[in-house]
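Any value given below was found using the heavy atoms of this structure, including those in side chains, with hydrogens, waters and symmetry copies removed. If you're wondering where the values come from, they're calculated on a predicted model, not measured in any experiment. All ligand and atom numbering here is 1-based and tracks the order in the structure.
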Amino acid sequence: TSESARNGGRSGALSPPPPVSEEIQRIDVNPPKGTRDFPPEEMRLRNWLFNNFREVSRLFGFEEVDYPVLETEALFIRKAGEEIRDQLYCFEDRGNRRVALRPELTPSLARLVIQKGKSVSLPLKWFAVGQCWRYERMTRGRRREHYQWNMDIIGVPEVTAEAELISSIVTFFKRLGITASDVGFRVSSRKVLQEVLRCNSIPENLFGKVCIIIDKIEKIPIDVIRGDLKSAGVSEEAIEQLLQVLSIKSLTELEEILGSAGEAIADLKLLFSLAEKFGYSDWIQFDASVVRGLAYYTGIVFECFDRDGKLRAICGGGRYDRLLSTFGGDDLPACGFGFGDAVIVELLKEKGLLPEVNLQVENIVCALDQNLQGAAAKVATILRGKGQTVDLVLENKPLKWVFKRAARINAQRLILVGNTEWEKGVVGVKILSSGEQFEIKLDELE
Ligand SMILES: Nc1ccc(Br)nc1
């Protein structure tokens with residue numbers, strides 16, 4: 001007919017086939033460079049990890065918060081030469097606003113605390129698990145996103161806050177089977193550097209920049225460190241004193257050099273005595289070379305390392321008492337940590353501690369005849385109403401197929417809805433592990 005002729009010989013077709021030149025190109029089905037998909041198995045491991053983050057946070061009485069992954073770029077513009085700034089995933093949006101995918105969560109926390117102002121009572125104990133981003137120009141194949149667990153205490157100037165945070169991380173490690181033989185915390189205080197800079201009349205506004213330069217001390221040659229410090233405006237004498245304090249190996253030695261009057265010594269001595277009370281003395285050690293790579297830390301800083309020395313820092317944190325005022329808010333004492341989702345998984349693999357997180361369904365429900373699909377749906381609904389997990393077979397499939405699916409989803413029992421049984425008000429049950437088979441009344445199902 002003329003219609004079928006118009007449709008390339010296919011009668012009834014609604015529209016002509018696309019002209020050959022508009023063939024649909026297959027899109028790249030991989031996620032964007034540096035990002036990950038989480039298919040079911042990977043998502044089960046991620047949920048297991050994040051549930052441990054959340055359970056520890058709950059044990060410590062922390063409240064969960066969250067913020068947009070997209071923030072104004074200004075929140076992350078700091079002039080201390082941090083890597084996190086160099087790799088900011090920033091762009092101009094369609095409203096010509098400068099925005100950025102957050103590289104960390106702490107500035108968002110500071111923004112929300114300022115926004116809440118006097119309406120929140122201190123101390124705040126907040127936690128978040130959020131995706132953070134970076135954009136590295138030369139894509140060394142490194143990831144551009146990861147998830148970070150953060151716990152922060154706002155409003156507590158005492159070192160008890162830092163001691164509590166380290167305790168929460170130790171609690172997390174213990175839950176996963178990680179011990180003080182596997183990992184340790186290197187602890188110091190930036191007040192050590194602050195006291196050296198003050199003694200040498202180095203302007204306070206250089207403090208952040210000096211810390212960022214010193215944080216690279218194990219990654220770049222010492223002469224480059226000296227050069228960078230000199231260019232930043234630090235005197236030769238101050239540079240030598242800085243490098244000297246960084247090599248101090250004990251609190252006793254530190255006290256000899258700085259004297260016992262300074263805040264740095266007092267904070268560190270209190271932290272180590274609290275560690276004793278919390279029961280995690282075996283997990284922490286003083287290490288004057290720890291500065292951490294974020295400009296806003298002002299006091300205690302710590303990072304967790306694997307004792308085999310194979311991995312990057314597992315987590316890190318510290319006190320940041322002056323962050324809020326950098327956003328125009330009133331300063332509040334604050335401390336917190338960030339714990340990424342990548343290195344910890346590498347550590348668990350190393351230690352053989354990755355959990356078996358298999359899919360587990362209690363029931364697979366199947367109609368033996370197509371006319372019983374409604375009955376099967378009713379059985380599934382009854383079970384689900386009792387809190388049972390149910391995989392309902394949605395198509396007319398042979399039993400062989402059903403048994404294969406039952407095995408794949410690791411179902412505990414197969415519920416068969418057949419005509420004869422249904423007329424008697426019962427269903428067939430097969431316990432898949434034992435093969436035991438029986439009938440049961442609908443209202444006795446549980
Ligand atoms: N800050 C940051 C963000 C994303 C990744 Br991956 N690593 C560090």
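Taking the six-membered ring for Trp, Phe172 and Phe60 have ring centres at least 6.0 Å apart.
Residues that satisfy the salt bridge (charged side-chain N to carboxylate O under 4.0 Å, His left out) test with Lys209, not counting sequence neighbours, are absent from this structure. Under the salt bridge (charged side-chain N to carboxylate O under 4.0 Å, His left out) criterion, Asp287 pairs with Arg186, not counting sequence neighbours.
At a cut-off of 3.5 Å, with distance as the only test, no side-chain donor of Asp228 or Ser231 sits close to an acceptor on the other residue. Between the side chains of Ser281 and Glu276, at least one donor N or O lies within less than 3.5 Å of an accepting N or O.
Pairs engaging residues 393-409 under the side chain to side chain donor-acceptor pair (under 3.5 Å) rule: Asp391-Arg405 [sequence neighbours left out].
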Could you pull out the N/O contacts under 3.5 angstrom between ligand 1 and the surrounding protein atoms?
| from | atom 1 | to | atom 2 | distance (Å) |
| --- | --- | --- | --- | --- |
| ligand 1 | 1 (N) | Pro103 | O | 2.8 |
| ligand 1 | 7 (N) | Arg134 | NH1 | 3.4 |

